[in-house]
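Remember, predicted model here, so these are calculated numbers, not experimental data.
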Amino acid sequence: MIYLIFSHAGLAEALDDIIADKATLWVNDDILTPEQSAQLTTANITVNLLPLFVKPSDEKSVVTALELVEKQSEKDAEILVEYN
């Protein structure tokens, strides 16, 4: 399972599920606090930073980010996407 998160609020809402699911996380570069980063590291969660900032309300940039994650992931991976 993969989570694609763009905002602090989205990460706060999904963090427990990400850890419980042992999911891979893709996020905007400025999202993780040091505490969240440490929590994810302790839980052995793979964190990938998106190469470009994605605004969750910008459908075009969300789709572009999703396409990137799909190319980097297994063919049948389930991807949960934050979208506002």
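- The cluster map of Ile, Leu, Val, Met, Phe, Trp and Tyr, joined by side-chain heavy atoms under 4.5 Å apart, puts L68 and M1 in different clusters.
- Remark: E13 CD is loosely packed, at most 12 non-hydrogen atoms of other residues, nucleotides or ligands lying under 6.0 Å away.
- For the atom pair NE2 (H8) and CG (D30), the distance works out to 5.0 Å, reported to the nearest 0.5 Å.
- The hydrophobic clustering, which links ILVMFWY residues whose side-chain heavy atoms are closer than 4.5 Å, places V63 and W26 apart.
- Contact annotation: the side chain of S37 never approaches that of V47 to less than 4.5 Å [non-hydrogen atoms, C-beta and beyond].
- For N48, the side-chain hydrogen bond (donor to acceptor under 3.5 Å, both in side chains) test picks out no residue, with sequence neighbours left out.
- Using a 4.5 Å heavy-atom threshold, the side chains of I31 and F6 count as separate.
- Here CD1 of I5 is found 9.5 Å from CG of L15. Values are rounded to the nearest 0.5 Å.
- Hydrophobic cluster membership differs between F53 and L11, with clusters built from Ile, Leu, Val, Met, Phe, Trp and Tyr side chains linked at under 4.5 angstrom.
- Put simply, the side chain of E82 never gets that close to the backbone of P56: no donor and acceptor are under 3.5 Å apart.
- Side-chain atoms of Y3 and V27, non-hydrogen and from C-beta on, never get closer than 4.5 Å to each other.
- When each of D29, L4, T64 is checked for a side chain to side chain contact (heavy atoms under 4.5 Å, CB included) with L50, only L4 meets the rule.
- In this structure, NZ in K75 is found 14.0 Å from OG in S73, a value given to the nearest 0.5 Å.
- For D21 (side chain) and A23 (main-chain N/O), no donor-acceptor pair under 3.5 Å exists by modelled atom type.
- Using a 4.5 Å heavy-atom threshold, the side chains of N44 and K22 count as separate.
- Here the options are L66, V69, I18, the test is side chain to side chain contact (heavy atoms under 4.5 Å, CB included), and the partner is I2; only V69 passes.
- Contact check for T46 versus L25: no side-chain heavy atoms found under the 4.5 Å cut-off.
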